[in-house]
Trainee: 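This is the structure I have questions about; it appears just below.
Please read these numbers as outputs of a predicted model, since none were measured by experiment. We name chains A, B, ... by the order of the sequence lines, and we start the count at 1 in each one.
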Protein chains: 2
Amino acid sequence: CPCPLPRGDCAFSRLLRRLLSARRSLELCLFAFSSPQLGRAVRLLHRRGVRVRVVTDAQYMALRGSQIGLLRHAGIQVRHDQENGFMHHKFAIVDKKMLITGSLNWTTQAIQNNRENILIVEDAEYVQPYLDEFERIWEEYNPVKYMFFPKK
Amino acid sequence: CPCPLPRGDCAFSRLLRRLLSARRSLELCLFAFSSPQLGRAVRLLHRRGVRVRVVTDAQYMALRGSQIGLLRHAGIQVRHDQENGFMHHKFAIVDKKMLITGSLNWTTQAIQNNRENILIVEDAEYVQPYLDEFERIWEEYNPVKYMFFPKK
């Protein structure tokens, strides 16, 4: 199902439905995450026992309305970059087999006001490189590697 | 070829090569376009006789380093939104059959410093909805519809 997202609830409902179909795992790789509805969906999956892992951009995770604090408070593992560049991905992987990717940041502004697209694919040849990228980032952003006092 | 874009020239070269493979048409639907290299590639295609059409976001097209003015100067048709929300897509369609889409804005910052992804697909089921969205936007942003003095 390819679904360039027109504005409105229909495409958003489809996105929510696909996310909520997760049974075992959910990887989120999101530049910005401030949509309360999507935040609730992710916390619900966590409570159902789905293994949720999130990587996000450091500069954006502290912005007003960010869902990242609520996710961590709920016990969900979140890792963030330590770079000047942006962790600009916006993709999710459901049960290691469904890739949800596109232009959409998970913000209310983007959902309600922007022209955006989301592509949902299940072909392994498309999903696998994103899974690999997630695992690379997950390790790279491991907190044991954070440098609080970078060398000059 | 799915290619989540790691930083570096290899993935960027692949992107350039795919773009330069255009023989008949190139549709660009880009939130931000300031990469000189990509700007040169698009102008080259235009000079070769490829029909290039561009839609972009009004708030971003006037930013420093934007390629939009150069494209228009070269005779390429560009249309932009008139909305408060962003025209946030970042996709290209080559010869109506290859879709290039992802998180990457066509800026030097994004190419050099960010974590980004690009997906390249040729399956008609994925390409067609993006072509439809392009044609919808192209008509919607037709300059005859611009309102210079919006009603209060």
Side-chain angles (χ1 to χ4, degrees), chain A residues 1-7 11 29-32 55-59 80-91 93 99-105 107-137 140-141, chain B residues 1-7 11 29-32 55-59 80-91 93 99-105 107-137 140-141:
Chain A
C1 165
C3 67
L5 190 73
R7 277 158 295 183
C29 197
L30 295 170
F31 175 55
V55 294
T56 193
D57 185 81
Q59 286 102 316
H80 60 81
D81 70 330
Q82 269 216 318
E83 297 157 14
N84 287 322
F86 291 129
M87 202 306 295
H88 200 241
H89 291 305
K90 314 106 174 32
F91 68 82
I93 301 169
L99 169 67
I100 300 173
T101 188
S103 64
L104 185 81
N105 289 311
T107 68
T108 303
Q109 146 80 16
I111 293 162
Q112 295 186 347
N113 301 328
N114 292 357
R115 284 267 183 178
E116 303 278 2
N117 68 81
I118 284 187
L119 194 65
I120 300 180
V121 293
E122 301 199 48
D123 317 57
E125 62 168 326
Y126 297 134
V127 180
Q128 192 60 47
Y130 285 80
L131 256 179
D132 294 345
E133 171 74 351
F134 184 89
E135 296 295 350
R136 253 192 316 269
I137 294 180
E140 197 177 307
Y141 295 0
Chain B
C1 164
C3 67
L5 191 74
R7 277 158 295 181
C29 197
L30 296 170
F31 174 54
V55 294
T56 192
D57 186 80
Q59 285 104 315
H80 60 81
D81 69 328
Q82 270 217 319
E83 295 158 14
N84 287 323
F86 291 128
M87 201 306 295
H88 200 242
H89 292 304
K90 313 108 174 31
F91 68 82
I93 303 169
L99 169 68
I100 300 173
T101 188
S103 63
L104 185 80
N105 290 311
T107 67
T108 303
Q109 145 79 17
I111 293 162
Q112 295 186 346
N113 302 326
N114 292 356
R115 283 267 184 180
E116 303 279 0
N117 68 80
I118 285 187
L119 193 66
I120 300 181
V121 293
E122 300 199 47
D123 317 57
E125 63 168 325
Y126 297 134
V127 180
Q128 193 59 48
Y130 284 80
L131 256 179
D132 295 345
E133 171 74 351
F134 183 89
E135 297 295 350
R136 254 193 314 271
I137 293 180
E140 197 177 306
Y141 294 180

Trainee: Non-hydrogen atoms of chain A under 4.5 Å away: do they reach the side chain of B:F91, the backbone, both or neither?
Mentor: side chain
Trainee: How about A:N117 and B:E133: do any of their side-chain heavy atoms sit closer than 4.5 Å?
Mentor: no
Trainee: When you compare the side chain of A:H88 with that of B:N105, does any pair of heavy atoms fall below 4.5 Å?
Mentor: yes
Trainee: Please report the shortest heavy-atom distance between B:R115 and A:R136, naming the atom on each side.
Mentor: NH1-NE, 4.5 Å
Trainee: Would you name the heavy atoms of A:K90 and B:S103 that are closest together and state the gap between them?
Mentor: CD-CB, 3.9 Å
Trainee: Applying side-chain contact (heavy atoms from CB on, under 4.5 Å), can you list everything that pairs with A:D123, at least two apart in sequence or on another chain?
Mentor: A:V121, A:E125, A:Y126, B:Y126
Trainee: Chain A heavy atoms under 4.5 Å from B:Q128: which part of the residue, side chain, backbone, both or neither?
Mentor: neither
